[in-house]
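The structure appears below as structure tokens.
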Amino acid sequence: MLSAAHDILSQQRASGNQSHVDPEPMPIPHNNSSRFDCNSVSTAAVLLADILPTLVIKLLAPLGLHLLPYSPRVLVSGVCAAGSFILVAFSHSVGTSLCGVVLASISSGLGEVTFLSLTSFYPRAVISWWSSGTGGAGLLGALSYLGLTQAGLSPQHTLLSMLGIPALLLASYFFLLTFPEPQDPGGEEEAERAARQPLISNEAPESKPDTSSNLSLQERWTVFKGLLCHIIPLVLVYFAEYFINQGLFELLFFRNSSLSHAQQYRWYQMLYQAGVFASRSSLRCCHIRFTWALALLQCLNLALLLADVWLSFLPSIYLVFLIILFEGLLGGAAYVNTFYNIAQETTDEHREFAMAAACISDTLGISLSGILALPLHNFLCHLS
């Protein structure tokens, strides 16, 4: 959805006084009246629609989401994902498209909280694979959108081609994912049967003793305070990261490039996701304990690109490509190392709650970046 953000808003500009949006709109000419070739609405608006529902879910999750079994959560996540693709693909207005993005946000937020909580029932090494999978998902989404649109497929048909992904999500959960091995199996046969049982019963993980459902509010608050040394750096990393992605990407426009404005934006998104995937898959090679250093470097990235938007001193789009790739590497490293450090430092009793509570970090940073990126877009576009 974030890769499609520029196209969603460009469709609105292209349709103008038309009564509907052409499913295969003609390429949008550059807006020569503005140095930045601005859309009337910033891509930060898509970011906010994409992240605010997730923020609400993650804020409420530590308070009572554990009362809902995992299977219904995954089912809702898959249905919302499919609904988002359909709604955005057939949308006739930006407002309807943003409603589709909200559905994607519900799917993403509920899914992330659910699966990160589930990692507490498996060996700690699963954090590395989870992080690598999320990085791969971002890269696959951005790369497939870039590739299919570059090949001539319309944004509408590209989105509809993604409908197989929610089906794969549900199939992998209900048929591939196996029940965590029981603590005290009654024998080898029972252990093997339980290990092969999909996580579909209401009694699954929730019946595990000493999980977050048994923690008092005071215990939850104590655990949360202990997580702040991990949460704050990750908030800063994601604030800087998505201020760049959804606040500055559309303003980093090189008119002398062979790529159109929309193509430049898609390449930025794909390179960012490539960096995220590489670093989220690097935990076995490089473990970073002091994630505040990553936050500092990401803030320096933000300062550099913000200065370039204002002063236009970077001579080539390829230099910007390298900076964006580095930005993705920092973001992915901060994510995987933060959750791995939490998994290492929390007790078995607190780990499920800690993983769900720490989910708020990236979402809070992204939300703040979207709120601040909107007025920046309006100021610079009107100024130019």
Side-chain angles (χ1 to χ4, degrees), residues 1-3 5-6 42-52 54-55 58 101 105 108-109 112 131-132 134-139 141-143 230-252 264-283 288 290-309 314 319-339 358-374 376-377:
M1 287 302 170
L2 295 182
S3 294
H6 192 272
S42 169
T43 52
V46 177
L47 175 65
L48 288 175
D50 186 67
I51 206 63
L52 289 181
T54 295
L55 177 63
K58 290 184 178 181
V101 176
S105 179
S108 175
E112 185 175 12
S131 297
S132 180
T134 57
L139 178 60
L143 189 60
H230 299 293
I231 288 176
I232 292 174
L234 193 58
V235 169
L236 291 174
V237 166
Y238 272 83
F239 169 78
E241 194 169 315
Y242 276 83
F243 194 97
I244 294 170
N245 291 3
Q246 303 306 127
L248 303 185
F249 274 7
E250 63 177 326
L251 303 177
L252 291 166
Q264 289 179 37
Y265 182 87
R266 295 170 196 156
W267 272 101
Y268 292 157
Q269 291 285 353
M270 191 280 292
L271 289 169
Y272 159 74
Q273 295 290 357
V276 169
F277 173 61
S279 57
R280 287 194 181 188
S281 305
S282 67
L283 184 60
I288 301 172
F290 302 106
T291 53
W292 57 265
L294 301 175
L296 177 61
L297 289 172
Q298 198 70 292
C299 289
L300 290 176
N301 263 347
L302 171 59
L304 175 63
L305 292 177
L306 188 58
D308 180 67
V309 165
L314 292 177
L319 186 56
V320 175
F321 283 170
L322 288 176
I323 295 172
I324 289 172
L325 185 64
F326 179 59
E327 174 213 346
L329 288 170
L330 291 176
Y335 183 94
V336 64
N337 283 281
T338 294
F339 284 105
C359 275
I360 194 67
S361 309
D362 56 342
T363 308
L364 181 59
I366 296 170
S367 300
L368 292 173
S369 69
I371 291 169
L372 292 180
L374 274 173
L376 173 72
H377 171 274

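The shown structure was predicted, so the numbers you read here are calculated from the model rather than taken from an experiment.
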With a 4.5 Å cut-off on side-chain heavy atoms, are [Y] and [X] touching?
X      : Y      : answer
Leu376 : Leu248 : yes
Gln273 : Leu143 : no
Leu52  : Thr363 : no
Val237 : Leu330 : no
Asp362 : Tyr242 : no
Ile323 : Leu314 : yes
Gln269 : Tyr265 : yes

Which donor-acceptor pairs under 3.5 Å do the side chains of residues 295-302 make with protein atoms, sequence neighbours left out?
{"unit_1": "Gln298", "atom_1": "OE1", "unit_2": "Asn301", "atom_2": "ND2", "d": "3.2"}
{"unit_1": "Gln298", "atom_1": "NE2", "unit_2": "Glu241", "atom_2": "OE1", "d": "3.2"}
{"unit_1": "Gln298", "atom_1": "NE2", "unit_2": "Glu327", "atom_2": "O", "d": "3.1"}

Any donor-acceptor N/O pair, Ser105 side chain to Val101 backbone, under 3.5 Å: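 No.
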Examine distances only and state if a side-chain atom of Ser279 and a backbone atom of Leu329 form a donor-acceptor pair shorter than 3.5 Å.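 Side chain of Ser279 to backbone of Leu329, a donor-acceptor pair under 3.5 Å: yes, one is there.
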Distance in Å, [X] [atom1] paired with [Y] [atom2], rounded so as to fall on 0.5 Å steps:
X      : Y      : atom1 : atom2 : result
Met270 : Phe277 : CE    : CZ    : 13.0 Å
Ser369 : Gln246 : OG    : CD    : 8.0 Å
Ser361 : Lys58  : OG    : NZ    : 8.5 Å
Ile360 : Thr54  : CD1   : OG1   : 9.5 Å
Leu372 : Ser367 : CG    : OG    : 11.0 Å
Ile244 : Leu305 : CD1   : CG    : 5.0 Å

Please lay out, stage by stage, how Phe339 and Tyr335 fare under the test ring pair (Phe, Tyr, Trp, His ring centres under 6.0 Å). CA-CA 6 Å; Phe339 284 105; Tyr335 183 94; 4.8 Å; yes
Apply side-chain contact (heavy atoms from CB on, under 4.5 Å) to Leu234 and Thr291, showing your working. CA-CA 8 Å; Leu234 193 58; Thr291 53; over 6 Å; no
side-chain contact (heavy atoms from CB on, under 4.5 Å) for Ile371 and Leu48? Distances and angles first, verdict last. CA-CA 7 Å; Ile371 291 169; Leu48 288 175; 3.9 Å; yes
Sort out for me which residue in Trp267, Tyr272, Tyr268, Phe243 forms a ring pair (Phe, Tyr, Trp, His ring centres under 6.0 Å) with Phe249.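 For Phe249, the ring pair (Phe, Tyr, Trp, His ring centres under 6.0 Å) check succeeds only for Tyr268.
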